J.: 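One structure coming up, written as structure tokens, with questions to follow.
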Amino acid sequence: SAPSPPVTPSPLCKPRRLYISFSDVGWENWIIAPQGYLANYCGGECPFPLAAELNSTNHAVLQTMVHSLDPQGTPQPCCVPVRLSPISILYYDNSDNVVLRHYEDMVVDECGC
Amino acid sequence: LSPQESALLRSLGLSHKPSPKSPAPVPPVLWRIFHKRRTLPGPQAELESCRVEELNVPGSIVRVFADQGRFLPEGQPQGRLCLRKLLFFNLSALEEGERLTMAQLELRFHHSSYHGPSPGQVLELRLYRASPRGLPRPGRGPLLERSFVQLRKSLLFDLSAALKAGEAPARNLALLLEISASGGPGSPRSLCGASDAFAATSLLLVTLGRQCGAARSRR
């Protein structure tokens with residue numbers, strides 16, 4: 001199971017919990033395993049001044065500063081994934097072969113501005 | 001399909017939603033690889049995303065293809081020939097840009113043969129490249145030849161070199177399997193007892209998907 005990041009109701013840019021259930025999307029008859037997985041997503045603010053733990057780029061630091069001076073003209077930087085993990089999915093393909101495939105960047109581990 | 005579902009399937013490398021008709025059981029080796037990967041922490045899973053440690057080869061996709069061939073000629077084999085079978089694998093599921101790194105053929109028998117042929121007798125197994133109709137490729141020797149005193153429940157053969165690992169495999173693979181008994185006294189038919197327990201064949205292919213070729217810059 002993917003590590004579950006510290007998901008607290010903080011307004012800052014952080015991973016947010018999101019569980020993807022394959023049966024919810026109607027794929028349970030061809031995906032053998034897993035039945036679902038913790039994908040997470042990024043959400044939250046990138047306020048001025050950007051705290052060090054917000055994994056920000058230099059440009060984001062500039063943009064938050066400009067946003068603080070001109071909030072209408074320049075938006076805050078985006079909160080996006082900066083570290084992701086892969087998952088493996090075991091499934092039947094269109095020819096009933098059994099396939100184990102590795103998919104990159106399927107779990108959000110860390111977010112940044 | 002909704003546009004979202006189509007887009008998601010495409011991102012997973014699938015042209016449309018599979019609807020298995022006669023799903024085969026999942027081979028134990030795939031379960032082992034799957035469960036081992038799930039226990040890996042994120043960063044290590046990332047490092048091993050393009051390698052199958054269990055089989056010690058590069059790869060990001062492992063597929064097991066079921067044999068769609070038939071026994072040749074129809075009816076009982078004659079003489080010392082115990083079994084003659086066309087093995088046919090539909091490889092059309094492989095995508096452009098996938099690179100083959102391992103090919104392993106598995107022959108399964110209902111049970112191990114505890115009492116092989118009589119002393120001095122062996123079972124000989126030969127595998128040939130064949131046309132989809134089961135005709136051996138003229139002028140080509142066998143891909144592999146093995147002799148067995150006793151047959152185990154599962155026999156594994158590495159065909160990577162024969163399928164020229166690293167190249168894109170063809171859309172299908174046709175092989176001719178022959179098992180015959182040789183040497184020693186006794187009626188030919190009685191020599192074939194062990195091979196009568198032939199159960200099924202499958203082909204395991206490991207490939208490197210396109211994602212394993214492209215180096216991507218990371219922030």
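None of the values given here were measured: they were computed from a predicted structure. All chains are named by letter (A, B, ...) in the order of the sequence lines, taking the proteins before the strands, and each is independently numbered beginning at 1.
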J.: Please state whether the side chain, the backbone, both or neither of B:Leu30 comes within less than 4.5 Å of a heavy atom of chain A.
T.: both
J.: Are B:Leu14 and A:Tyr91 close enough, and set up right, to give a side-chain contact (heavy atoms from CB on, under 4.5 Å), and what steps lead you there?
T.: CA-CA 11 Å; B:Leu14 294 161; A:Tyr91 63 90; 3.8 Å; yes
J.: At their closest point, which heavy atom of B:Ala93 faces which heavy atom of A:Asn97, and how far apart are they?
T.: CB-ND2, 4.0 Å
J.: Which pair of heavy atoms, one from B:Lys17 and one from A:Gly26, lies closest together, and at what distance?
T.: NZ-O, 3.5 Å
J.: For the pair A:Tyr92 (side chain) and B:Ser22 (backbone), establish whether a donor and an acceptor sit closer than 3.5 Å, ignoring hydrogens and angles.
T.: no
J.: Please look at B:Leu204 and chain A and tell me whether the side chain, the backbone, both or neither of the residue comes under 4.5 angstrom of a heavy atom of that chain.
T.: neither
J.: I need the minimum non-hydrogen distance between B:Gly13 and A:Arg101, along with the two atoms involved.
T.: O-NH1, 4.0 Å
J.: Let me see the working for A:Ile32 and B:Trp31 under side-chain contact (heavy atoms from CB on, under 4.5 Å), right down to the final yes or no.
T.: CA-CA 10 Å; A:Ile32 304 166; B:Trp31 274 123; 3.8 Å; yes
J.: How about residues 58-71 of chain A versus chain B: which residues have heavy atoms under 4.5 Å apart?
T.: none
J.: If you count heavy-atom pairs under 4.5 Å between each of B:Val52, B:Asn90, B:Leu8 and chain A, which one has the most?
T.: B:Leu8
J.: Just how far is it from atom CZ of B:Arg37 to atom CD1 of A:Ile89, taken to the nearest 0.5 Å?
T.: 12.0 Å
J.: CG/A:Asp105 to OG/B:Ser11 distance, rounded to the nearest 0.5 angstrom?
T.: 11.5 Å
J.: For chain B, which candidate among A:Val98, A:Asn29, A:Val99 shows the most heavy-atom pairs at distances under 4.5 Å?
T.: A:Val98
J.: Search all heavy atoms of B:Arg38 against all heavy atoms of A:Gly36 and return the closest pair with its distance.
T.: NH2-O, 4.4 Å
J.: Is it the case that more than 12 heavy atoms not belonging to B:Gln68 sit under 6.0 Å from its CD atom?
T.: yes
J.: Below 4.5 Å, heavy-atom pairs only: which of B:Ile33, B:Leu12, B:Val26, B:Leu9 has the largest tally toward chain A?
T.: B:Leu12
J.: Does any heavy atom of chain A fall under 4.5 Å from the side chain of B:Pro25, the backbone, both, or neither of them?
T.: backbone
J.: Relative to chain A, which segment of B:Ser2 carries a heavy atom at a distance below 4.5 Å: side chain, backbone, both, or neither?
T.: neither
J.: With respect to chain A, which residue among B:Gly59, B:Ala24, B:Ser19 yields the maximal number of heavy-atom pairs within a distance under 4.5 Å?
T.: B:Ala24
J.: Can you name the nearest heavy-atom pair linking B:Lys21 to A:Asn94, along with the distance?
T.: NZ-O, 4.5 Å
